[in-house]
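Given the structure is predicted, the values throughout are model-derived calculations rather than measurements. Position 1 is the first residue of the sequence, and the numbers go up from there. When reading the values below, keep in mind they use all heavy atoms of this one structure, side chains included, and skip hydrogens, waters and symmetry mates.
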Amino acid sequence: MVSAGAKPLPSGATEVAQRRVTLLGATGSIGTSALSVIAERQGEFAVEAVTAHANADKLATIARATGARLAVVADPDRYGELKSALAGSGIAVAAGPAAVIEAAERPADTVVAAIVGAAGMAPTYAAIRAGAQVAIANKECLVSAGAVFMRAAAEAGVPILPVDSEHNAVFQALGGRPMDEVERIILTASGGPFREWPSERMAKATAAEALKHPNWSMGPKITVDSATLMNKGLEVIEAHHLFGAPPQKLEVLVHPQSVVHGLVAFTDGAMMAGMSVPDMRMPIAHCLSWPQASALAGRRLDLAELGSLTFERPDLERFPALRIALAALDAGGWATNVLSAANEIAVEAFLAGRIGFLEIARMVEQTIERVAADSAPQTPATVDDAIALDREGRLRAAELIAARA
Ligand code: NDP
């Protein structure tokens, strides 16, 4: 479990030892925000390795700009493209999923885990085992195999630091206080683009409409997850593992302004809120410098200009994905694993125009029921178990989607 809040630099301190950072998923939305923090804090970080899936051109530009030692594409077919783009740079080049894992294992102080989906599991696990502090954006790791990841971090003696804005806010609000002093942890949700839409309209929502998030600019998968509220369900599961919080202490509130990201209510009645403008650079910067803290330029909250902040309970009828995720958390680690796998396949199918928006949640629920009926699944005890169960969940979800036509 993460254990302490950020500490200020001792007064008068001017020098911070340079930290080695590896960026898994460097070309994505989180990767780009992390690069912006690194660029702003010239001299604080040295980049060890950067990875991507297939975007070789962008990865080569990033590797050159950061002076990374190694650049890796997961797609082996992109090796030649990456190699020629980095010719003469002195930057080592590799390709394939095993090479991404090797990149994650290289000595680094911090590894930013920002690959999307279950593809992030093996590299993130490898980074933890290698003893790096992991700044985790990839929530699917903790949803698919939270107990395995938290145990590995405890064994390696390294923290898993939350990049997700809600968990980062909670982490800072907790300030290292133990769970028995905590009454409730509240994660906020913007409500997404369909917050006020009736179900009949949501049934006809297009991918373009689902990809228009009101407050955040993110990768496509998490943007659709925000529209279904599955993202908030995944985050409740993530919080359960990160903070060792029992499900009954975890709550979701819809807060359309996305200013208060997370709150902690303590047993003495006090409540601490983590607030900022919606900007992922802030939680990323916090994780990159942790346990120190450094300044970061950017927009600041102007509460008087905002005037009011509103909160409402989520509507589990119109947003069944959140209900299904909470039920999966109660059912156990096998169910959250299958939930995440099926959701990835269903979101892909929705983005490809093969299923409707409301079918995402339906397909996920049916997949969980199907896997439970077929194979008496167990909570994964290892990452390999988690990857195998994830594969089964994907297969079942794909079958259900194909059969429904
Ligand atoms: P993006 O889709 O923008 O980026 C995903 C990154 O992962 C890219 O670098 C992509 O490479 C790489 N990638 C994709 N598939 C593979 C694969 N099979 N093997 C190796 N690398 C792969 O996603 P986001 O940055 O939005 O999200 C990343 C993670 O962070 C997700 O788990 C998300 O839930 C989480 N997160 C994101 C937030 C955000 O604001 N974006 C906020 C909180 C959490 P390529 O470019 O080559 O495809």
Side-chain angles (χ1 to χ4, degrees), residues 1-3 17-39 41 44-53 59 62-63 66-74 91-92 94 96-142 144-146 148-164 167-168 171 219 238 241-242 280-281 283-292 383 386:
M1 188 179 127
V2 281
S3 55
Q18 202 176 46
R19 291 170 169 230
R20 293 210 74 76
V21 177
T22 285
L23 298 173
L24 305 175
T27 49
S29 164
I30 291 288
T32 303
S33 295
L35 287 162
S36 153
V37 172
I38 289 169
R41 293 185 176 169
E44 188 177 333
F45 304 104
V47 175
E48 177 67 25
V50 289
T51 79
H53 178 226
L59 187 67
I62 290 168
T66 56
R69 290 187 180 163
L70 170 68
V72 181
V73 268
I91 298 166
V100 176
I101 294 174
E102 281 164 28
E105 284 171 336
R106 286 167 78 105
D109 298 301
T110 305
V111 172
V112 179
I115 293 174
V116 63
M121 255 197 279
T124 305
Y125 187 73
I128 295 170
R129 302 283 298 177
Q133 176 168 301
V134 167
I136 198 157
N138 178 302
K139 58 194 81 185
E140 293 89 350
C141 285
L142 293 174
S144 302
V148 174
F149 277 84
M150 297 315 290
R151 193 174 56 238
E155 281 169 10
V158 292
I160 298 183
L161 302 168
V163 165
D164 230 329
H167 304 75
N168 191 271
F171 178 36
E238 186 185 5
H241 292 292
L242 269 176
M280 285 311 296
R281 294 166 71 254
I284 292 169
H286 178 251
C287 293
L288 284 176
S289 294
W290 193 86
Q292 308 287 341
V383 165

S.K.: Tell me the closest heavy-atom pair linking I62 and A26, and the distance in Å.
M.R.: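 Heavy atoms only, the tightest pair is CD1-O, 3.5 Å.
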S.K.: Between E140 and V116, is there a side-chain heavy-atom distance shorter than 4.5 Å?
M.R.: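 They are in side-chain contact.
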S.K.: Got a donor-acceptor contact below 3.5 angstrom from the R20 side chain to the P107 backbone?
M.R.: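 Not confirmed, R20 side chain does not pair with P107 backbone.
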S.K.: Could you give the distance from CG (L288) to CZ (R19), rounded to the nearest 0.5 Å?
M.R.: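 Answer rounded to 0.5 Å: 8.0 Å.
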S.K.: Which atom names give the shortest non-hydrogen contact between P162 and N168, and what distance separates them?
M.R.: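 Scanning both residues completely, I find the closest heavy atoms to be O-ND2, 2.9 Å.
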S.K.: So which atom in A386 and which in A145 form the shortest heavy-atom distance, rounded to 0.1 Å?
M.R.: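 Result for this residue pair: CB-CB, 3.6 Å.
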S.K.: Check whether any side-chain heavy atom of M280 lies under 4.5 Å from a side-chain heavy atom of I30, and answer yes or no.
M.R.: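 When only atoms from C-beta onward are counted, I30 and M280 do touch, with a gap below 4.5 Å.
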S.K.: Considering only residues two or more places apart or on different chains, which pairs with a residue in residues 108-133 satisfy salt bridge (Lys or Arg N to Asp or Glu O under 4.0 Å)?
M.R.: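 Counting only pairs at least two positions apart or across chains, the salt bridge (Lys or Arg N to Asp or Glu O under 4.0 Å) contacts touching residues 108-133 are R129-E155.
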S.K.: For S289, what residues pass the side-chain hydrogen bond (donor to acceptor under 3.5 Å, both in side chains) criterion, not counting sequence neighbours?
M.R.: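 Result, side-chain hydrogen bond (donor to acceptor under 3.5 Å, both in side chains) vs S289: R41, E44.
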S.K.: Once you round to the nearest 0.5 Å, how far does CZ of R69 lie from OG1 of T22?
M.R.: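 Reported value, rounded in 0.5 Å steps: 9.5 Å.
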S.K.: Heavy-atom distance under 4.5 Å between the side chains of V134 and T124, does that happen here?
M.R.: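 They are in contact (side-chain heavy atoms under 4.5 Å apart), so the answer is yes.
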S.K.: Check step by step if side chain to side chain contact (heavy atoms under 4.5 Å, CB included) holds for V111 and L24.
M.R.: CA-CA 7 Å; V111 172; L24 305 175; 3.6 Å; yes
S.K.: If you compare all heavy atoms of E238 against all heavy atoms of L142, which two are closest, and at what distance to 0.1 Å?
M.R.: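 In this case the closest contact between E238 and L142 is CG-CD1, 3.6 Å.
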S.K.: Give the ring-plane orientation class for F171 versus W290, where under 30° counts as parallel, over 60° as perpendicular and anything between as tilted.
M.R.: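 Tilted, since the angle between the ring planes falls between 30° and 60°.
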S.K.: Report yes if some heavy atom in the side chain of L23 is under 4.5 Å from a heavy atom in the side chain of I38; otherwise report no.
M.R.: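 They are in contact (side-chain heavy atoms under 4.5 Å apart), so the answer is yes.
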S.K.: Does G25 offer a backbone N or O that forms a donor-acceptor pair with the side chain of T51 under 3.5 Å?
M.R.: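 Yes: the side chain of T51 pairs with the backbone of G25.
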S.K.: Compare every heavy atom of A152 with every heavy atom of Y125, then report the nearest pair and how far apart it is.
M.R.: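 Where Y125 meets A152 most closely, the heavy atoms are CE1-CB, 3.5 Å.
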S.K.: Check N138 against G120 and note the closest heavy-atom contact, atom names and distance.
M.R.: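 Closest approach of N138 to G120: ND2-CA, 3.7 Å.
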S.K.: When rounded to the nearest 0.5 angstrom, what distance separates CZ in R106 from CG in L70?
M.R.: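 Separation between the atoms: 4.5 Å.
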S.K.: Could you check if a side-chain atom of K139 sits within less than 4.5 angstrom of a side-chain atom of H167, using non-hydrogen atoms only?
M.R.: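 With C-beta onward as the side chain, the pair stays apart.
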S.K.: How many angstroms lie between atom CE of M150 and atom CD1 of I128, to the nearest 0.5 angstrom?
M.R.: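 Those atoms lie 8.0 Å apart.
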S.K.: State, yes or no, whether a side-chain contact exists between C287 and T110 at a heavy-atom distance under 4.5 Å.
M.R.: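 No; the side chains remain at least 4.5 Å from each other.
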